[in-house]
Amino acid sequence: MNSMLPRDPQGHQPKPTETDRVPESIQRDGDTGITITWNDGSATAWTNSQLRKACPCATCREKKRGLAEKAKDTSGPIGLPVLSAAEAKPLRIDSMRPVGSYAYNIAFSDGHDSGIFPFVLLHEGPDGAA
């Protein structure tokens, strides 16, 4: 990995922080995703759906925790999901606004707009590997 972080006197590379990886450009991949080019020369591609599923906001974290607990419980009947009109439409990114110099707030077409996505998360990509 090409890194712009200085090494310590023992030659060890410190772990990147939110401000070490900075987007140089963000390009739309049609209506289905984005590609972010970073200051370390790498690029990360995300689909809209991957970004929405990776939302780190408290509401989404609680929803994921609840779904995981529900999946463990096999004693009751299977509940079928109900989709709102916005959820049934193709998911789009409506806007991305910088939050300080460490993250983006992303608003999605399903009405969700409370997620703050740190650069470290966005740099790692959907598979969690930069």
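N105 places a side-chain N or O within donor-acceptor distance of the main-chain N or O of D113, the cut-off being under 3.5 Å. Remark: side-chain polar atoms of T47 are not paired, donor with acceptor, to backbone N or O of T32 under 3.5 angstrom. Side-chain atoms of N48 come within 3.5 Å of backbone atoms of D31 as a donor-acceptor pair (strictly under, hydrogens ignored). Checked by atom type and distance alone, the side chain of N39 pairs as donor or acceptor with a backbone atom of D20 at under 3.5 Å. For K64 (side chain) and K53 (main-chain N/O), a donor-acceptor pair under 3.5 Å exists by modelled atom type.
Y104 has its side chain within reach of I26: a pair of non-hydrogen atoms, C-beta onward, lies under 4.5 Å apart. Counting only heavy atoms from C-beta outward, the side chains of D29 and T35 approach each other to under 4.5 Å. H112 places a side-chain heavy atom less than 4.5 Å from the side chain of C60. Looking at heavy atoms from C-beta onward, P56 lies in side-chain contact with L121 at the 4.5 angstrom threshold. Proximity of F108 to D94: side-chain heavy atoms (C-beta onward) are nowhere separated by under 4.5 Å. Side-chain contact check for I106 versus L51: some heavy-atom pair is nearer than 4.5 Å.
The side-chain contact (heavy atoms from CB on, under 4.5 Å) test with I34 singles out one residue from Q50, M96, Q27, and that residue is M96.
Note that SG of C55 and CZ of F117 are 4.0 Å apart. Values are rounded to the nearest 0.5 Å. Taken from CD in E124 to OG in S42, the straight-line distance is 11.5 Å, to the nearest 0.5 Å. The line from CG of L122 to CD1 of I36 is 4.5 Å long, rounded to the nearest 0.5 Å. In this structure, CD1 in I93 is found 10.5 Å from CH2 in W46, a value given to the nearest 0.5 Å.
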Starting from the C-alpha separation in whole Å, work towards a yes-or-no answer on side-chain contact (heavy atoms from CB on, under 4.5 Å) for V120 and R21. CA-CA 7 Å; V120 168; R21 304 284 189 249; 5.8 Å; no
